[in-house]
Structures are given as C-alpha cells and as structure tokens.
Chemist: 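One structure coming up, written as structure tokens, with questions to follow.
No experiment lies behind these values; they were computed from the predicted model shown.
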Amino acid sequence: MDIRKWIKKKEPAATTSTSDSELLSSVEVDSDSVGPLTPLTNTQKASVRQKARTHRHRQVCQRTSVKTSQSSTGFNNWKHATDKAKGFHRHANSKEHLACMAIWKEQQLRFSTGKEISTLLSRNRLYVSAIIDIIEFLVSNELPLRGAVDSVEDRGQAGSGLFLSLFDYTLRKNKELAQAFSTIPKNATYTSHDVQNDLIELMSTIVTEHIVKDVGESWFTVKVDGTKDPTGSENVSIVLRYVDQNCSVKERLLSMLTTDKCDALSLSNMVLEELADVGLDTGKILSQCYDGASVMSGREGGMQKLIQNKLNSEVPYIHCFNHQLHLAIVHAVSSESAVEDFFDVCNALYKFLRKPTVAAQYKGQKLKRLLDQRWTGHLDTVSVVLKSHNTLVEFLNEIATTRKGADIKLEAVGLHKAITEPAFKFLSCVMYKVLGLTDPPNRMLQAEQTNLMTAVQLIRSASSCIESLRSDAEFAKLWAESIKSSDDAVPTAPKRQRQASKSLQDYIVNESVGQRESNIEQECKRLFFNIIDSILGEMSVRFSERNSQYMSALDALDPGSKNFLDAGKVKPLLDLRNTEMNVFSEHRRSMLHRRKAHLIKLAFENDLSRKFREEWKELLLRSFHSSKRRLQLY
C-alpha cells in the first residue's frame, strides 16, 4: 500500500515545536480508500513525519514575504529527497529557508514570552489611547498642554506642564498602562509636541468631517469675524449656522484661519476656498453675517458684495445685531462729554485701586477694566461704584489724609472730589439703569438659539424699555435715589432769594432779564433726557433694516403680527432660493497658528471633542496609525 495515496495533510493548531506523536496525529486517513487500518512501520512513520513538517514549512513560507517553489507547491521530489544537490539539504541552506526559520524562531520566542504581535498591538493601542484621553481632557476644558519642561523623563516636575503632569498621574494610577510604558521604546514615547500636533490635527479633522456631514445638503449662514493676535497675524473664524436633520438649529465653528491680508478680496477668496476644501457647496449659502467694518459691509467693494458677485446670486448680508447694539451705546455715550468724563473717572479709579501700594489696603469690591470693544465691563463697574460708593469715598479720604507720598495723595484728592459730585452719583444711577436694560438682549443675542426674528423682537423690547424711562417721573425717581442718603449727597449752598433790579421797579417785567443761577438738578435733567434720546436715535438708525423686505418677511412669520402669513410679505424671503409658496393660500508666538486653530476648534466644539473618549476613539486610532510610525497599532 502506498501511504502517499491516502495521507491528507491537516494544518496543525500549535505554533511551537512539534513531537512525533503530534505530527502523526496531524494527518487524516481516508478509510474508503485504504480499508482496515494497520499499524505503521518505522519507514511509514518517517514518511508521515516528513510530509507533515514539509506542510508546516510551506505554511510558514506562505505567511511571509519570502516566496519559493516549496512555499507554493510543496516538496514532491521524494526520489531525490536526500540528495545534497537537489533535496532537503540544498533547501535548508538557501537564504529563503534561513529567513523563514528566523521568522519561525522569532514567533516561537514571542509566544513563549507573551510578546506576540497581537499582544504588542494591543499594548500600543492602550498606550496611545491614554495619550488621546489626556489631550481630549485638556482641550475640552480649554487648558494648556505644554510647560517649560518638555521631556518625558522630567514628567511630574515643576514646570512640566499639564500634559506631562497628567501623563505621570495616569501612569501612577494605572498599573497596566505603567507596565506598557516600561516596554515602550524610548524613541517612541509619543509625548513630544510634534506627536501632540499630529493627534490634535487629526482630532480637528474628524470634528470638521462630522460638521460637514451634519450640514449635508442643508442651507447655511456664514458668520465670519477676525482679530489680531500678538504676532500681528489676523485670526479669522468661520462659523456655520444651519438646521440639522432633526430640525435643530446648530452653530458650529468650522475653521480658524490665519492671514496677513485683510482686504475684502483676500478674505472673500479665503472663506469660499475653505468652504469648498472641506466639501461644502458654496451655492448653499443662504445669508452672511459680519460686523459693520467697511471691508466687510461695503456696498460695492465689501466682502459681502464680492461673495454675492462670485456666487452670482443674492446672499443677504446681516450686520451683527450684538455689534450694532454695542455701537449704539458707544455713540450715544460719546455724544455727551459729561458721560465720557464719568467713565474716564471710573477708569482712573480702576487704575488707582490697581496700584500695589493702594490695592494692599483696599478691601472693597473690585472694579472691572473698561474696554471700548466690550461694554459688559461698564455695567459691572457702574454696579460696583453705585453699591460701594460710601466705601470708596471713605477709602479715598483716608488715603488723602493719612498716606505719605504727594503723588498718591494728589490723585486720591482728585478722585475723591470727582466721585462726590452730585452729577457723578446721578450718572451712576442713570447708566446702571440704561445698561441694565441693554444687558439681557446683549447676552441673548449671543445665544446659539437666537434667530433673526427673535433678535428683532429683543431690540424692539429694549427700545421700548428705554423709551419708557423718558419721563419726568422716572427722572425724579433716579434723582431721589442719587441723593437719598445725606451721607452721599454733597451739601450745596443755600439759594439766595432773587431780587429784581432797582432800575426796573417802576416797570412790569414779562420776560427773563438774564439773571440765572446754577442749578445742578436742571443740568442732570438735561443730561438724562439727552442720554435717552441719543440711545433711542442710534438704535432707530442702526436697526432701520428691520423695515427692509426681509425683515418684513420675517415679521409676517410672527403669529403676533397683523401681517401674519401674508403671502405678499413673505414672498421676497422665499424667492431667495426659489422656494415654492405651497404653504400659504396666496457667527504665544511659539505656538503654531495651525495648532492654535485646531485647539480653538476642539475647545469651542467640546461636545464633539468628548466623543473621542469612546465613540470616535477607534476612528482616531486608525487615522493616527501609519506603517512609518515606530509603534504599530494595527
């Protein structure tokens, strides 16, 4: 019986060295072809053993990049098997066989020491996942990563930064991670700023892809704003406002770009190119929202006009309502020199209290810094001045009478005189009232949920509330509040009784003869009405676009409007995108700009960044994986 006819080779499951009994058990016998089985002779056992090893050898060669004739067809020249020139001996000395045996030995060693490829890959993924978790935590909480020390050996030391400090803390708390770190090559710890940049950029890219996917085929509004950083470069943010598949309004920061060209043409090209690069259809831009700078709002050469020309379609431009409200307050205040002087005194008081020698003694409420770009600090400062007026007066008086140093004493005397004037206390009450009425709309206009119709209603409400102040009764109430305490009021000289000129004693006088006296109350009343009128006038002019056809169309969608669902009013809004009317009856230098842009996006969109903890972890790991990296993940 020829044993070669009925031996069928079977792949052994074990990967270690194989005994003769295991090799003999690794064959199957076809009972139909051989009949009753008989014990094998030594020669037959040797043949079976050789065939099994040959099959195993071919498997090893097939799983490697080494390709020989035996790896594809196996050995079948049994007649010359022992021939040194043609048989096993020749193959055993070939470079292909030696390479395969080296791989085989390495596999045996890894298996025996628990260092198989799958184990190493799992270790690498665990290690990189921990690094991703640390970066995600820091960027989601808007915390810096790097410190003065940037070496992983110095982690945990003073100045090592939050990234390395958290990395050291994680190693101390996670024994499995610490064990993995101990086996990581020293040139592949992945804690350098370059690897941080790679991971941060990948995270930012995944967030961008999600935003683009979420926008889909929806129409969207482009909101662009810019500000210069300490390096002198312009940082331009591009925000998309859209309605997702669940009919929820979303505002997402798409990109943070850096440019040195701030002209309208460069900015418009940059925005359109960025939208196209991320995969958005620029033809789906429904409207555009910027500030009122001429480079953005110019009717002929502004960015809003250039974008409409490039897209060859009408894309309405909306001047940011929050910015307009800010400008209305700024211009109204600047129209009255007394109000400007009031805030100058507040600013001087803030700087005086910030001096080290003065700040050490002052224990009252802290004043806020006044910024022309943001008026939220003005309300806070006026609130502190109004509520802590007596404390400030007493403190300045103490400095002026007991403090050594002419400069400090002179400044304290001047500030004390300024804030004890009746007009100062009255203007504190007026500005606190007016700014208090504009603060709620200012905050709500910045909310993501606020739409254009709601913004119009907020401005209307704010205007109505400010207009309701314009009355003698409101003035009397504020004036009484400013002098309600005798401690706050400054005593004024008693009024002298008026006497008619002796030369006019024989005449009846029907008109003023020029004899007037200074009256602080009358001057404050004039200031009060002028401030109210200036603010109302500025708001009326700056928000006059409410009367445009688009504002009228939005007004017609308000159920409380008398023109509700008026097809003629709504038609201009629907004509923007050819919508059918079948419904109706008729927003440090060492840090790279790219890194900063990615960090800002990840911090701003922290709800998406948190998905890297679980949902997007595998996607990020596969994106980070590369055959060129020292640590292989897959």
Side-chain angles (χ1 to χ4, degrees), residues 141-142 221-227 237-243 248-253 287 289-293 296 318-334 339 343 346-347 350 365-387 428-469 531-532 534-536 538-543 545-546 551 554 558 560 587 600 603-607:
N141 291 278
E142 303 178 27
T221 293
V222 176
K223 304 172 74 174
V224 179
D225 197 8
T227 181
S237 62
I238 302 178
V239 175
L240 301 183
R241 183 181 177 90
Y242 61 95
V243 178
S248 299
V249 177
K250 295 285 186 67
E251 272 194 13
R252 295 292 190 187
L253 175 61
S287 60
C289 181
Y290 318 124
D291 58 24
M296 310 296 286
I318 305 298
H319 185 180
C320 174
F321 273 40
N322 189 265
H323 188 251
Q324 290 189 78
L325 182 61
H326 163 74
L327 291 178
I329 301 298
V330 169
H331 285 210
V333 167
S334 61
V339 181
F343 282 112
C346 291
N347 201 29
Y350 163 80
Q365 285 185 277
K366 306 296 182 182
L367 276 71
K368 301 290 184 179
R369 182 184 178 189
L370 303 184
L371 299 173
D372 293 336
Q373 297 85 357
R374 296 288 182 269
W375 272 69
T376 53
H378 289 65
L379 176 60
D380 295 335
T381 293
V382 171
S383 176
V384 172
V385 168
L386 191 60
K387 296 175 181 178
S428 299
C429 296
V430 173
M431 296 312 301
Y432 180 76
K433 188 76 172 180
V434 172
L435 294 177
L437 291 175
T438 59
D439 186 59
N442 172 61
R443 297 181 183 275
M444 294 180 67
L445 285 172
Q446 300 179 54
E448 180 179 319
Q449 296 77 15
T450 303
N451 54 40
L452 191 58
M453 191 65 228
T454 304
V456 171
Q457 293 172 342
L458 285 172
I459 296 301
R460 287 176 179 171
S461 299
S463 298
S464 299
C465 291
I466 294 175
E467 188 174 6
S468 65
L469 295 178
I531 291 171
I532 300 299
S534 297
I535 293 177
L536 291 175
E538 285 289 337
M539 293 182 69
S540 176
V541 171
R542 294 187 177 278
F543 293 99
E545 58 182 328
R546 290 178 302 171
M551 293 302 174
L554 288 172
D558 181 11
H587 338 200
I600 291 173
F604 190 83
E605 302 296 348
N606 53 19
D607 60 324

Chemist: Considering residues at least two apart in sequence or located in another chain, which fulfil the side-chain contact (heavy atoms from CB on, under 4.5 Å) criterion with Ile466?
Modeler: Leu437, Thr438, Ile532, Ile535, Leu536, Met539
Chemist: Who pairs with Ala603 by side-chain contact (heavy atoms from CB on, under 4.5 Å), at least two apart in sequence or on another chain?
Modeler: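 Ala603: side-chain contact (heavy atoms from CB on, under 4.5 Å) contacts with Glu142.
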Chemist: If you take all heavy atoms of Glu605 and Glu251, which pair is closest and at what distance?
Modeler: OE2-O, 4.0 Å
Chemist: Give, for atom CD of Glu467 and atom OG of Ser463, the distance between the pair rounded to the nearest 0.5 Å.
Modeler: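 One finds 8.0 Å between CD of Glu467 and OG of Ser463.
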Chemist: How about Arg252 and Asp607: do any of their side-chain heavy atoms sit closer than 4.5 Å?
Modeler: yes
Chemist: On a heavy-atom basis, which atom in Val382 and which in Ser428 lie closest, and how many Å separate them?
Modeler: CG1-O, 3.3 Å
Chemist: Mind checking what makes side-chain contact (heavy atoms from CB on, under 4.5 Å) contact with Val384, not counting sequence neighbours?
Modeler: Gln365, Leu367, Ser388
Chemist: Do NZ/NE/NH1/NH2 and the carboxylate oxygens of Lys366 and Asp380 come within less than 4.0 Å?
Modeler: no
Chemist: I'd like to check the side-chain contact (heavy atoms from CB on, under 4.5 Å) partners of Leu458; sequence neighbours left out, ordered by chain and number.
Modeler: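 Result, side-chain contact (heavy atoms from CB on, under 4.5 Å) vs Leu458: Pro441, Met444, Leu445, Thr450, Thr454.
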Chemist: According to ring pair (Phe, Tyr, Trp, His ring centres under 6.0 Å), who are the partners of Tyr290, at least two apart in sequence or on a separate chain?
Modeler: Tyr317
Chemist: Looking at residues at least two apart in the chain, or sitting in another chain, which of them share a salt bridge (charged side-chain N to carboxylate O under 4.0 Å, His left out) with Lys250?
Modeler: Asp214, Asp244
Chemist: I need the Leu469 CG to Lys433 NZ distance, nearest 0.5 Å.
Modeler: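 Here the interatomic distance stands at 6.5 Å.
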Chemist: Does the side chain of Tyr432 come within less than 4.5 Å of Leu379's, by heavy atoms?
Modeler: yes
Chemist: Atom CE in Met431, atom OG in Ser383: separation rounded to 0.5 Å?
Modeler: 13.5 Å
